[in-house]
There are 2 protein chains.
Amino acid sequence: MSGARDGNGTGGRPKRPTMVDVAREAGVALRTVSRVVNDDPTVGPEYAAKVQAAITALNYRPDERARQLRTGITGTIGAAVRRIAEVNPELAAIEQTARESGLTLFAASTDFEEAREREILVSMCRQRLDGIIVEPFGENHGYLQPELDAGMPVVAMDRPMSGISVDCVMSDNASGIGTAFHHLTRYGHRRIAYVGDREQVYSGRERAAAFRAALGAHGQSLDGLVHPGEITPERVAAALDTALYGPEPATALVTGSMDTTLTVLRVLGPKAASRLAIVGFDEVPHADLLQPALTVVAQQTAKIGRTAVELLLARMADPGRPVQAVVVPLTLTVRGSGEIPV
Amino acid sequence: MSGARDGNGTGGRPKRPTMVDVAREAGVALRTVSRVVNDDPTVGPEYAAKVQAAITALNYRPDERARQLRTGITGTIGAAVRRIAEVNPELAAIEQTARESGLTLFAASTDFEEAREREILVSMCRQRLDGIIVEPFGENHGYLQPELDAGMPVVAMDRPMSGISVDCVMSDNASGIGTAFHHLTRYGHRRIAYVGDREQVYSGRERAAAFRAALGAHGQSLDGLVHPGEITPERVAAALDTALYGPEPATALVTGSMDTTLTVLRVLGPKAASRLAIVGFDEVPHADLLQPALTVVAQQTAKIGRTAVELLLARMADPGRPVQAVVVPLTLTVRGSGEIPV
DNA sequence: TACCCTCGCGATAACGTTATCTCGCAGGGT
DNA sequence: ACCCTGCGAGATAACGTTATCGCGAGGGTA
C-alpha cells in the first residue's frame with residue numbers, strides 16, 4: 001500500500017476504487033481485471049476468482065463514462081419530447097422498446113420552448129448519444145445538419161422536422177380527421193364544426209386543412225365552422241359561440257387535439273357537453289369516466305413509439321440507408337359522445 | 001498527416017473532429033483550444049478568434065464524456081420514478097428545479113418492478129451521476145450501502161427507503177387521511193369506509209393505519225369499513241359490496257390513492273358514483289371534468305419534487321450533513337363529491 | 001530436436017478532455 | 001544592469017477504461 005490515506009480530508013467525495021486498485025488487490029494485471037469485468041472467456045478460473053474476490057472486497061463499480069469514452073458507444077438513446085411527466089404513451093413505448101433492445105433511454109422535456117428544444121438536442125449531441133428521437137417543436141432545425149453529417153442518427157416523431165431530412169414516423173392526420181367527420185355524418189349531422197390548434201404548428205395546419213377538405217367534399221361551405229387557433233378558454237369559447245349559436249348552428253364538433261378536447265369540455269360545462277355530438281382527435285386520459293364517455297379518433301401511440309425506435313435502430317445499423325417516412329393510421333374508439341344523433 | 005482517409009470506408013460513423021484537430025487547424029496549442037471552449041478570460045483576442053474560426057469550420061462539438069471523465073462531475077442527476085410518461089407532477093417539479101440549478105435530469109421508469117429499480121439505480125451509480133432521487137418501490141435497498149459509502153448522494157421521495165438511511169421527503173399520510181375523514185364527518189357521515197392499496201406497500205400501510213386510527217378516535221368499530229388490498233376491479237368491487245351494501249352500509253368513502261379512486265369510479269358506474277360522498281387521497285387528472293367533480297386531499301406534489309432536489313443539492317454540497325426527513329402536509333380541494341350530505 | 005501454433009496473461013498505448021507545470025517575454029522597481 | 005513579477009501560451013500528465021501487441025509456456029508434428 002502506498003499510503004495511509006483512505007478517506008478524504010476536506011469533506012469531498014471519498015475516492016472510488018478503480019480497476020488499478022482491483023488489479024493491485026488481486027495481484028494481477030489491469031488488463032485481466034478488464035477481461036473479468038467484461039466476461040472474457042479466455043481468463044483462467046483461478047484468476048477470475050481472485051479478481052472477483054477483490055471486486056467484492058473493494059466494492060468496485062466500473063466507471064461507465066470511461067468505458068464509453070474508450071469504446072465510443074454509449075448504449076443510450078435520447079428522447080426529446082414535449083413533456084415527460086405527462087401522459088405520453090409514445091414515450092412509454094419508446095422506453096420499453098429501447099429496453100428490449102438493450103438500450104438505455106435518456107428523456108427530457110422540450111416544454112413547448114424552441115430554445116429549450118435546441119438546448120436539449122445540442123446537449124444530447126455533446127454527450128455523443130447513439131441516437132436521438134425528437135418530437136419536433138421549433139420551426140427551424142437546420143442547426144442539426146452538422147450533427148447529421150457527423151453521423152448522429154435522428155428520428156422525428158409525430159411531425160417532420162423542418163430544414164433537414166431525417167426519418168420520421170407520424171399519424172395520418174388527414175384520414176384521421178376524415179374518419180371523425182364521416183363518423184358524425186353517419187348519425188345525420190350535416191353542419192359539423194372543427195376547433196383545433198393554431199395553424200402555426202404542423203399538426204394544427206394539417207388537421208385544419210383536412211377538415212376543410214372534408215367539408216368541401218361534402219359540399220358544405222366553411223363559413224363559421226373551422227376554428228384553428230390558440231387553445232385558451234377565451235378563444236375556444238369564442239369559437240364555440242360562432243359555431244354553435246350562429247344563424248346555422250353546427251350540431252356536431254370535431255376537436256383537433258387532446259388539449260382542445262379538454263378545454264372544450266370545460267368551456268361548455270357538463271350540461272351542454274352532454275348534449276353535443278363530439279369526436280375528439282387523440283385520446284384523452286380516463287375518457288371513459290366522462291359523461292357521456294368520449295368518442296375519439298385515437299392515434300396508435302404505442303405503434304408510433306415502437307416504430308420510432310425501430311427506425312432509429314435501422315439508421316444506427318446503416319447510416320447510409322435512404323430516409324424513410326412512416327405514416328400510421330388512426331383508429332376510431334366509440335364511447336358515446338360521438339353517437340348522439342342530430 | 002498519417003494518411004488521406006478523411007471519411008470512413010466501411011459505412012461506420014464518420015470520425016468527429018476533436019480538440020487536437022481544432023488546434024491543428026487554428027495553428028495553436030491544444031490547451032489554448034480548451035481555454036477558448038471554456039471561456040477562459042486569459043486567452044488573447046486574436047487567438048480566440050482563430051480558434052473560433054477553426055471550431056465553426058470543422059463543426060467541432062466538445063465530447064461531454066471526456067470532459068466528465070476528466071473533471072469527475074457529470075452535471076447530471078438521476079430520477080428513478082415509477083413511471084415517466086404518466087402524470088407525475090413530482091417529476092415535473094424535479095425537472096424544472098434541476099434545470100434552474102443548472103443540472104441535467106436523467107429520468108427512468110422503475111415500472112413497479114423491484115429488479116428494474118435495482119437495475120436502474122446500479123446503472124446510475126455506474127454512470128457516476130452527481131446524485132439520485134428515487135421513488136422507492138422494492139423492500140430491500142441494502143445493495144445501495146456501498147454506493148452511499150462511496151459518497152453517492154441519494155434522496156428518497158414519497159416513501160422512505162428500507163435498509164439504508166438517506167434523506168427523504170414525503171407527504172403526511174396520517175394527517176391527510178385525517179383531513180379526508182373529518183371533512184366527511186362535517187357533512188353528517190358516521191359510517192365512512194376506506195378502500196386503498198395493499199398494506200405490503202408503504203403508503204398503503206400508512207394510510208390504512210391512519211384510517212383505522214381515525215375511526216377509533218370517533219368511537220366507530222372497524223368492521224367492514226377498512227379495505228386495503230390489490231387495486232383490481234374484482235377486489236375493489238368486493239370491498240365496495242361489503243362496505244356499501246352490508247347491514248350497516250357506509251354513506252361515504254375515502255379512497256387511498258389515485259388508482260384506487262379511478263377504479264372505484266369505474267366499478268360504481270356513473271349513477272352510483274354520483275350519489276356517494278367520496279374524498280380521494282391524491283389528485284386525479286382532470287378531476288374537475290367528472291360528475292360530480294371530485295373532492296380530493298391533494299399531495300403538494302410540486303413542493304415534494306422541489307424539496308427532493310433541494311435535499312439532494314444540500315447533500316451534494318455537504319456529504320457529511322445529518323440525514324434529514326421532510327414531511328409535507330396535504331391540502332383539501334373541495335369540488336363536490338365530498339360535500340354530499342348523508 | 002527444431003519448429004510452429006495456440007492459449008493465457010501482462011505491458012502499454014490509446015479515447016478526448018482538463019489540470020499542472022513550465023517557459024518566454026514584457027514592464028517596472030532598485 | 002539586474003531581478004522580480006505577471007501574463008499569456010505551450011508541453012505534458014492525468015482521468016479510468018478498452019484495444020493492440022507481445023511474450024512465455026505448453027503441446028503437436030515432421
Side-chain angles (χ1 to χ4, degrees), chain A residues 2 12-52 54-55 58-75 123 125-130 150, chain B residues 2 12-52 54-55 58-75 123 125-130 150:
Chain A
S2 61
R13 281 199 190 188
K15 236 174 91 52
R16 299 194 70 128
T18 74
M19 266 192 185
V20 180
D21 300 320
V22 175
R24 194 185 325 114
E25 173 83 12
V28 301
L30 169 63
R31 186 70 184 88
T32 303
V33 179
S34 172
R35 276 189 260 254
V36 172
V37 168
N38 292 317
D39 291 323
D40 189 319
T42 72
V43 60
E46 67 273 25
Y47 279 80
K50 275 195 294 186
V51 171
Q52 284 295 358
I55 286 177
L58 297 178
N59 277 315
Y60 167 75
R61 300 281 178 277
D63 188 324
E64 190 61 27
R65 299 170 301 183
R67 178 197 179 87
Q68 289 178 7
L69 175 60
R70 181 60 236 240
T71 61
I73 60 180
T74 62
S123 165
C125 291
R126 289 176 56 135
Q127 293 188 54
R128 302 289 193 271
L129 297 186
D130 293 348
Chain B
S2 60
R13 281 198 188 188
K15 234 174 92 51
R16 300 194 70 130
T18 74
M19 265 192 185
V20 180
D21 300 321
V22 175
R24 194 185 322 115
E25 173 84 11
V28 301
L30 169 64
R31 185 70 183 87
T32 302
V33 179
S34 172
R35 276 190 261 254
V36 171
V37 169
N38 293 318
D39 292 323
D40 189 320
T42 71
V43 61
E46 67 273 22
Y47 279 81
K50 274 196 294 185
V51 171
Q52 285 295 358
I55 285 177
L58 297 179
N59 278 314
Y60 166 75
R61 300 281 178 276
D63 188 325
E64 191 60 28
R65 298 170 301 182
R67 178 196 178 86
Q68 289 178 6
L69 175 61
R70 180 61 235 240
T71 62
I73 60 180
T74 62
S123 165
C125 290
R126 289 176 57 133
Q127 292 188 55
R128 301 289 192 272
L129 298 186
D130 292 348

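Only this structure's heavy atoms are used, side chains among them; waters, hydrogens and symmetry mates stay out. Sequence lines set the chain letters: A, B, ... in the order given, protein chains first and strands last, and positions in each chain run from 1.
Qualifying side chain to side chain contact (heavy atoms under 4.5 Å, CB included) partners for B:L58, counting only residues two or more places apart in sequence or in other chains: B:P17, B:D21, B:V22, B:E25. Under the side chain to side chain donor-acceptor pair (under 3.5 Å) criterion, B:R61 pairs with A:E147, sequence neighbours left out. Partners of A:R35 under the side chain to side chain donor-acceptor pair (under 3.5 Å) rule, at least two apart in sequence or in another chain, do not exist in this structure. Every residue two or more places apart in sequence or in another chain was checked for a side chain to side chain donor-acceptor pair (under 3.5 Å) with B:N59, and none qualifies. A:T74 is linked by a side chain to side chain contact (heavy atoms under 4.5 Å, CB included) to A:Q68, A:T76, A:L129, A:D130, B:R65, counting only residues two or more places apart in sequence or in another chain.
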(request) Produce a footprint string for nucleotides 16-27 of chain C: one letter per nucleotide, 5' end first; B if the base is under 4.0 Å from any protein heavy atom, S if only the sugar-phosphate is, - if neither. (result) BBBBB-------
